[in-house]
Amino acid sequence: MNMITFKDVSFGYRGGRLFDRLDLTLRRGAIYGLLGKNGAGKSTLLKLTAGLLLPKSGEITVLERTPRKREPNFLNQVFFVPEEFDLPRLTITEYGRVYGCFYPNFSTEQLGDLLRELEVDESQRMDRMSLGQRKKAYIAFAIACNTPLLIMDEPTNGLDIPSKSAFRRVIARAADAERTIVISTHQVRDLDSLIDSVVVLDQSRILLNASTAEIVDRLEFARLDEDEEALYAEQTVHGRWGVRPNRTGAESPLDMELLFNAAVGNPDAIQQLFNAETK
């Protein structure tokens with residue numbers, strides 16, 4: 001069953017056109033990594049999904065509802081964590097008591113467990129927290145709301161290395177067959193081993209929308225000979241590494257950074273391999 005469907009969606013700012021008849025389908029029960037350069041339209045796509053922006057034309061369906069209508073039974077099933085946000089002069093536990101009632105599946109006990117795992121001081125006011133602590137507190141609240149759709153825009157910005165590891169743990173635990181999590185990032189290494197589907201957005205079009213199982217079935221991430229052709233290759237201190245079509249059926253570990261560079265640098269070949277339509 002699909003969680004999100006974009007059909008012929010067009011959108012632009014100040015008379016310009018960012019998306020032109022964009023099609024996109026995201027299924028229920030997956031953790032999606034939305035990858036793209038800065039300015040590619042990732043945040044705009046997420047805001048359209050959450051109903052915070054309205055398409056110029058086309059149809060968006062989320063949880064079998066129309067986001068632009070902003071109906072209460074839609075809003076209490078979707079949580080959007082923006083890249084930047086302001087929080088009131090409350091502790092996170094006070095915030096949970098005030099705002100958790102708007103989400104029918106909110107769990108105070110789960111919020112407390114998440115705050116302890118993410119090492120957030122429950123007694124400190126959020127407006128006095130550092131960026132990293134404030135972001136972890138808000139992420140904990142977002143997960144504890146237990147909405148069927150959780151959308152996160154650059155959630156690992158401002159987090160140190162231990163906090164990024166903790167973030168991956170709590171997101172992996174929060175995932176289930178009925179919940180879809182969409183995480184936008186340009187720091188692709190932060191999503192390694194976490195996501196099970198990838199969407200690559202570049203120049204306002206979808207270059208790739210596939211599960212990680214499909215990706216490693218059709219692509220091989222490997223060390224290359226010096227003259228070997230590849231969809232994408234780069235020289236490292238450990239030799240020449242890159243992406244090539246998987247002609248042997250061997251499964252290699254997915255490298256998100258190489259995948260992104262291959263999709264952006266060689267979009268026609270990637271789309272041909274995955275039978276994707278250019279929009």
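Everything numeric in this text was worked out from a predicted model, so none of it was measured.
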Pairwise side-chain contact, Val62 with Thr5, heavy-atom cut-off 4.5 Å (strictly under):
no

Any donor-acceptor pair under 3.5 Å from Lys42 side chain to Gly36 backbone:
yes

CD of Gln77 to CZ of Arg65: how many Å apart, nearest 0.5 Å?
8.0 Å

Would Phe6 and Leu54 show up in the same hydrophobic cluster when neighbours are defined by side-chain heavy atoms closer than 4.5 Å?
no

Would you confirm whether the ring centroid of Phe79 sits within less than 6.0 angstrom of the ring centroid of Phe141?
yes

Given side chain to side chain contact (heavy atoms under 4.5 Å, CB included), test Asp202 with Leu35 step by step and report yes or no.
CA-CA 8 Å; Asp202 189 58; Leu35 312 182; over 6 Å; no

Hey, what do you get for CD1 (Ile4) to OG1 (Thr49), rounding to the nearest 0.5 Å?
5.0 Å

Could Lys135 and Glu84 be called an ion pair, given the rule that one side-chain N must be under 4.0 Å from one carboxylate O?
no

ILVMFWY cluster, Tyr232 and Leu224 together (side-chain gap under 4.5 Å):
no

Here the gap from Arg134 atom CZ to Met126 atom CE, rounded to the nearest 0.5 Å, amounts to 9.5 Å

List the steps, then state whether side-chain hydrogen bond (donor to acceptor under 3.5 Å, both in side chains) holds for Glu251 with Asn246.
CA-CA 8 Å; Glu251 185 173 313; Asn246 187 357; over 6 Å; no

Please check: side-chain N/O of Arg240 versus main-chain N/O of Glu228, any donor-acceptor pairing under 3.5 Å?
yes

Backbone N/O of Ser211 and side chain of Asp196: donor-acceptor pair under 3.5 Å:
no

Indicate the atoms forming the closest heavy-atom contact of Gly242 with Leu258, along with that distance.
O-CD1, 4.1 Å

Given side chains that start at C-beta, do those of Leu231 and Leu219 come closer than 4.5 Å, heavy atoms only?
yes

According to a 4.5 Å side-chain heavy-atom criterion applied to Ile, Leu, Val, Met, Phe, Trp and Tyr, with indirect links allowed, do Phe85 and Ile183 form part of one hydrophobic cluster?
yes

Any side-chain heavy atom of Ile92 sitting closer than 4.5 Å to one from Tyr138?
no

If I compare all heavy atoms of Arg244 with all of Ala222, which pair ends up nearest, and what's the gap?
NH2-CB, 3.6 Å

Ala50 to Pro67 - nearest heavy-atom pair and separation:
C-CB, 4.3 Å

Look at the side chain of Thr236 and the backbone N and O of Gly239, then say whether any donor-acceptor pair between them is shorter than 3.5 Å.
yes

Donor-acceptor contact below 3.5 Å, side chain Glu71 vs main chain Leu75:
no

Would you check, one step at a time, whether the test side-chain hydrogen bond (donor to acceptor under 3.5 Å, both in side chains) holds for Arg168 with Thr156?
CA-CA 10 Å; Arg168 286 191 289 268; Thr156 58; over 6 Å; no

Side chain to side chain contact (heavy atoms under 4.5 Å, CB included) for Leu45 and Phe11? Distances and angles first, verdict last.
CA-CA 9 Å; Leu45 190 149; Phe11 179 85; over 6 Å; no

With no hydrogens and no angle check, do the side chains of Asp153 and Ser43 hold a donor and an acceptor under 3.5 Å apart?
yes

Rounded to the nearest 0.5 Å, what's the gap from CG on Asn76 to OG1 on Thr147? Could you check?
9.5 Å

With sequence neighbours excluded, what pairs up with Lys37 under the salt bridge (charged side-chain N to carboxylate O under 4.0 Å, His left out) test?
none

Side-chain heavy-atom pair His186, Asn38 within 4.5 angstrom cut-off
yes

Can any side-chain N or O of Ser184 pair as donor or acceptor with the backbone N or O of Glu154 at less than 3.5 Å?
no

Determine the minimum heavy-atom distance between Leu131 and Gly158, stating which atoms define it.
CD2-CA, 4.1 Å

Should Ile161 and Leu118 be counted in the same cluster of Ile, Leu, Val, Met, Phe, Trp and Tyr side chains packed under 4.5 Å apart?
no

Side chain to side chain contact (heavy atoms under 4.5 Å, CB included) between Lys56 and Val9, worked out:
CA-CA 7 Å; Lys56 304 300 182 185; Val9 171; over 6 Å; no

Is there a continuous path of hydrophobic side-chain contacts, each under 4.5 Å between heavy atoms, that joins Leu48 to Tyr13?
yes

Is Asp23 reaching over with its side chain to a backbone N or O of Asp8, donor-acceptor style, under 3.5 angstrom?
yes

Exceeds 12 heavy-atom contacts within 6.0 angstrom, atom CG of Asp86:
no

Checking the side chain of Asp225 only, and the main-chain atoms of Asp227 only, is there a donor and an acceptor separated by less than 3.5 Å?
no

Quick check: closest heavy atoms across Tyr103 and Cys145, and the distance to 0.1 Å?
CD1-SG, 3.5 Å

May I have the step-by-step check of salt bridge (Lys or Arg N to Asp or Glu O under 4.0 Å) for Arg169 and Glu117, ending in yes or no?
CA-CA 9 Å; Arg169 288 197 303 271; Glu117 178 152 8; 3.1 Å; yes

With sequence neighbours left out, the residues meeting salt bridge (charged side-chain N to carboxylate O under 4.0 Å, His left out) with Glu94 are none

Has the side chain of Arg218 got a donor or acceptor atom that lies under 3.5 Å from a matching backbone atom of Leu273?
yes

Leu207 vs Leu201 side-chain heavy atoms within contact, under 4.5 Å
no

Would Ser197 and Arg27 count as having a side-chain donor-acceptor pair, cut-off 3.5 Å?
yes

Could you grab the distance from atom CD of Glu234 to atom CD of Glu257, nearest 0.5 Å is fine?
6.0 Å

Validation row: Arg189, Asp255 side chains within 4.5 angstrom (heavy atoms)
yes

How many angstroms lie between atom CD of Glu220 and atom CG of Leu254, to the nearest 0.5 angstrom?
13.0 Å

For the student: nearest non-hydrogen atoms of Ile270 and Ala262, plus distance
CG1-O, 3.7 Å

Could you tell me if the side chain of Met256 sits less than 4.5 Å from the side chain of Leu194, heavy atoms only?
no

Do you see a donor-acceptor pair shorter than 3.5 Å between the side chains of Asn157 and Glu83?
yes

When you compare the side chain of Val199 with that of Leu208, does any pair of heavy atoms fall below 4.5 Å?
no

Charged N to carboxylate O under 4.0 angstrom, Asp113 versus Arg116?
yes

For a side chain to side chain contact (heavy atoms under 4.5 Å, CB included) check, start with the C-alpha distance between Thr185 and Leu34, then their side-chain angles and the critical distance, and finish with the verdict.
CA-CA 6 Å; Thr185 187; Leu34 176 61; over 6 Å; no

